[in-house]
Amino acid sequence: MKENNLLQPHIRCGIKDSAKYALLPGDPKRIDRIKEFLTDTKEISYNREHRSISGYYKGIKIIAVSTGMGGASTGIVVEELYNIGVEVMIRIGSCGALDSNINLGDIILVNGAVRDEGASKAYIESIYPAIPDFDVLLSTCEAAKEKKYRYFIGKARSHDSFYTDEEETIDEYWSSKGILGADMETAALFTIGALRGVKTASILNNVSEYKKDLKDEVNNYVEGENLAIDGEKREIIVALEAIVKLNNKFLK
């Protein structure tokens with residue numbers, strides 16, 4: 001851990017705000033949904049896309065910080081949380097499915113990410129693997145199984161844009177290689193986290209079924225009109241219950 005008593009420049013959090021465990025949603029609005037599951041919550045900061053709170057879940061202190069969209073923004077959050085002493089970071093994000101078996105609101109527990117983005121490559125060559133910490137991943141799997149949620153374990157692809165000219169062809173290619181879903185942040189979290197000695201995991205809520213209209217489904221998701229909202233609640237619960245399991249292991 002680095003010693004740094006000053007507020008971090010982007011997330012505007014300091015050591016006094018820190019916790020061992022962090023939840024990393026992409027959307028700042030998801031912070032409000034996390035608050036529903038915590039006690040003694042405290043608003044810390046809201047700077048640019050980075051909104052932060054702290055609170056307690058079953059007696060365990062947790063900090064939640066929104067990353068915004070993309071690997072570059074996520075990398076900033078990982079670095080600055082590491083600076084203030086956070087040891088475990090779990091992404092609770094959204095994705096588009098690349099497997100037709102995955103329905104709206106299903107969750108993917110990511111066991112590896114294709115580094116098809118720029119942020120992680122700015123740190124280390126692309127042959128370096130983007131994988132989660134085993135104990136954190138296992139804890140998310142145990143929590144999802146105990147809750148009897150519908151979930152998948154597999155690989156995701158992290159990328160930098162929804163609007164390239166060959167997007168459909170790219171999706172078909174990675175789908176044919178067994179990739180379950182696509183997001184923009186997981187690869188950067190796994191790679192930068194590993195390089196800094198941070199334990200990471202990524203839980204993705206599917207908001208777009210494979211080969212369906214992404215624009216319509218994302219609009220429905222934002223308006224709270226479909227099953228993806230339930231998936232969002234489930235991924236938050238899985239992350240929080242995984243933290244309880246991890247904390248119990250660390251105390252043994």
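Excluded from the calculations below are hydrogen atoms, water molecules and symmetry mates; all remaining heavy atoms, backbone and side chain alike, are included.
Legend: residues meeting side chain to side chain donor-acceptor pair (under 3.5 Å) with Asp99, ordered by chain and number and at least two apart, are Asn101. Scanning for salt bridge (Lys or Arg N to Asp or Glu O under 4.0 Å) contacts around Arg150 gives Asp106, with sequence neighbours left out. Partners of Lys58 according to the salt bridge (Lys or Arg N to Asp or Glu O under 4.0 Å) rule, which considers only residues two or more places apart in sequence or in another chain, are Glu241. Partners of Lys20 by side chain to side chain contact (heavy atoms under 4.5 Å, CB included), not counting sequence neighbours, listed by chain and number: Glu87, Phe250. Partners of Tyr46 under the side chain to side chain contact (heavy atoms under 4.5 Å, CB included) rule, at least two apart in sequence or in another chain, are Pro28, Arg51. By the salt bridge (Lys or Arg N to Asp or Glu O under 4.0 Å) test, Lys61 is found to be paired with no residue, residues two or more places apart in sequence or in another chain being considered. With sequence neighbours excluded, the residues forming a ring pair (Phe, Tyr, Trp, His ring centres under 6.0 Å) with His159 are Phe162, listed by chain and number. With sequence neighbours left out, Leu138 forms a side chain to side chain contact (heavy atoms under 4.5 Å, CB included) with Phe134, Glu142, Lys249. Listed by chain and number, the residues in a salt bridge (Lys or Arg N to Asp or Glu O under 4.0 Å) with Lys245 are Glu146 (sequence neighbours excluded). For Thr169, the side chain to side chain contact (heavy atoms under 4.5 Å, CB included) partners at least two apart in sequence or on another chain are Glu166.
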side-chain contact (heavy atoms from CB on, under 4.5 Å) between Tyr149 and Ile237, worked out: CA-CA 10 Å; Tyr149 293 155; Ile237 292 170; 3.5 Å; yes
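Legend: salt bridge (charged side-chain N to carboxylate O under 4.0 Å, His left out) pairs involving residues 63-77, not counting sequence neighbours: none detected.
No salt bridge links Glu235 with Arg33; every basic N to acidic carboxylate O contact stays at or beyond 4.0 Å.
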Determine all donor-acceptor pairs shorter than 3.5 Å in which one atom belongs to a side chain in residues 115-128; sequence neighbours excluded.
unit_1, atom_1, unit_2, atom_2, d
Arg115, NE, Ser120, OG, 2.8
Arg115, NH1, Glu125, O, 2.8
Arg115, NH1, Tyr128, O, 2.7
Arg115, NH2, Ser120, O, 3.0
Arg115, NH2, Ser120, OG, 3.3
Arg115, NH2, Ile124, O, 2.8
Asp116, OD2, Arg157, NE, 2.9
Asp116, OD2, Arg157, NH2, 3.1
Glu117, OE1, Ala119, N, 3.1
Glu117, OE1, Ser120, N, 3.0
Glu117, OE2, Ser120, OG, 2.4
Lys121, NZ, Arg115, O, 3.3
Tyr123, OH, Glu79, OE2, 2.7

